[in-house]
Visitor: 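Mind having a look at this structure? Questions to follow.
Throughout, a chain's letter reflects where its sequence line sits, starting with A, and its residues are numbered from 1.
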Amino acid sequence: MLVSSPARPVADHALRRWLLALALLVPLWVLAYGQLVAIADAALALTGLTRQTALGEALHFFFYDTPKVLLLLTGIVFVMGVVQTFFAPERTRALLSGRREGVGNVMAATLGIVTPFCSCSAVPLFIGFLSAGVPLGVTFSFLVAAPMVNEVALVLLFGMFGWKVAALYLTLGLAVAIGAGLVIGRLGMEAQLEDWVRPIIAGGGAVNAQDSSPNWAARFAAGRHHVREIVGKVWPYVVAGIALGAGIHGYVPQDFMASIMGRDVWWSVPVAVLLGVPMYANAAGIIPIVEALIGKGAALGTVLAFMMSVIALSAPEMIILRKVLKPRLIATFAGVVAAGILLVGYVFNLVL
Amino acid sequence: MKQVKILGSGCANCRNTAQLVESVAQEHGVEIALEKIEEMQQIIAYGVMRTPAVVIDGKVVHAGGVPTPAAVAQWFERPAAS
């Protein structure tokens, strides 16, 4: 399929300008990231408050986290925008078509991280995959992993809890996607696709135009476009999330959450998953709240289960998928993924 | 007169794309007949896997996300065929 990338002879000039801009911006980014505490201290000093008061502590949290999260987000979203130009859905589909279950599920889940995906395109993508001979279970592995294990979630987890938590989330998120796809594949639910879908799939309907390979200037431009689209859209949620987090940080008593979301409360994991379903938020908006909850004694597994549920089991996406899936398959999909998330929540709480 | 079709399920990005295409075409003085295709069967018939997608004179020129104004301008500067 065509990608909107003008391949002009002036590409060399454009590339030089990009390299120059990056040579300037990358050191600036690193410098700013290294000075986050100083920036927060300076900003707090301007308000005349100290960290000894609840308001001062809340503000400091806000002044520190907002630039940190926005910087991380901008940097990584740019990099992912560039990486995604190498993994158009058409290419991913070609890589997955005809794969056996097992290997196919692992590949699909992994490719889900780097392939651009928006839940509003879930239906055409779903049909595009199936009609190219990607098995149903493998397609589901992709559909689960793509929203859940995304760069925004991973980066924010890394920035706030360190690489171990990010790596655990990555591993367990992939495990849920692979496991869910394997189970759905085993159940043989092809008959549960809506009737209008099956002839299209059987006909191998989708035609595959040749990959147009963009040049590097176009890839960088795609990165900038990605930043505008993602960061431009989510920053208000991020700021609102951090403000809420800051409020919890400054005002909610220490260990308040331990009694309701602590690891000893066995029912907190299923409740967290159930609470997450009707909520529709992106990883960026939810993680600052997650950080604040954990700071007050909520168990990491419970909170991560909540987060996975919000991102992977959203009601709007179910409604979109209802166009191609019969209720039984939707219910199976939701049930299998929810079971996987529950397992992740309990494992996290046990291990950490 | 160019036949322009916007494929998409009626999400915000699809509306933005339609607006952008309309205004850029006007700037370039190109007459277009804009049509929004929201029926999923029809969208899939174009072999598109990402929405919104843009079809000009029967050819898919864009798929996935709102296109950049520069890209849209290109469609109307020269014949749509690339």
Side-chain angles (χ1 to χ4, degrees), chain A residues 1-8 14 81 84-85 88-94 115-132 134 194 196-197 199-201 203-209 212 218 221-222 224-226 228-230 232-233 316 319-324, chain B residues 2 4-21 23-25 28 36-82:
Chain A
M1 213 55 47
L2 277 170
V3 180
S4 62
S5 54
R8 291 195 180 165
Q84 286 181 353
T85 61
E90 291 75 19
R91 175 125 184 246
T92 296
R93 177 175 68 174
T115 307
F117 174 79
C118 150
S119 60
C120 52
S121 306
V123 166
L125 190 117
F126 185 84
I127 293 178
F129 271 35
L130 289 180
S131 62
V134 181
E194 279 297 338
W196 66 270
V197 176
I200 300 177
I201 292 168
V207 278
N208 204 355
S212 67
R224 183 182 56 192
H225 192 60
H226 201 50
R228 275 202 195 132
E229 256 195 1
I230 305 281
K233 206 178 288 168
I319 292 165
I320 291 172
L321 283 175
R322 177 66 189 83
K323 281 180 190 158
V324 280
Chain B
K2 282 180 188 294
V4 181
K5 290 178 180 140
I6 311 285
L7 316 182
S9 48
C11 52
N13 276 347
C14 312
R15 284 192 300 269
N16 294 342
T17 305
Q19 269 170 14
L20 181 72
V21 167
S23 68
V24 173
H28 283 73
K36 283 187 206 172
I37 308 237
E38 298 189 351
E39 187 58 42
M40 206 47 85
Q41 275 104 318
Q42 287 188 55
I43 293 176
I44 285 153
Y46 281 98
V48 162
M49 282 209 288
R50 278 179 291 175
T51 56
V54 180
V55 175
I56 295 183
D57 293 337
K59 203 168 171 179
V60 180
V61 294
H62 172 84
V66 180
T68 59
V72 178
Q74 251 207 343
W75 303 335
F76 297 121
E77 275 165 11
R78 284 174 283 149
S82 54

Visitor: For A/Phe126, is it the side chain, the backbone, both, or neither that has a heavy atom closer than 4.5 Å to a heavy atom of chain B?
Guide: neither
Visitor: Using every non-hydrogen atom in the two residues, find where A/Pro124 and B/Ile44 come nearest and quote the distance to one decimal.
Guide: CA-CG1, 4.2 Å
Visitor: Just verifying a value: how many Å separate A/Thr115 OG1 and B/Arg50 CZ, rounded to the nearest 0.5 Å?
Guide: 9.5 Å
Visitor: To check you understand the geometry: which heavy-atom pair defines the closest contact between B/Val66 and A/His225, and what is its length?
Guide: O-NE2, 2.9 Å
Visitor: Does B/Arg15 have any side chain to side chain donor-acceptor pair (under 3.5 Å) partners at least two apart in sequence or in another chain, and if so, which?
Guide: none
Visitor: Run the side-chain contact (heavy atoms from CB on, under 4.5 Å) test against A/Arg322 and tell me which residues pass, sequence neighbours left out.
Guide: A/Glu194, A/Pro327, A/Ile330
Visitor: Non-hydrogen atoms of chain A under 4.5 Å away: do they reach the side chain of B/Val72, the backbone, both or neither?
Guide: neither
Visitor: Check A/Val123, A/Ile320, A/Val324 against B/Met40 for a side-chain contact (heavy atoms from CB on, under 4.5 Å) and give me the one that passes.
Guide: A/Val123
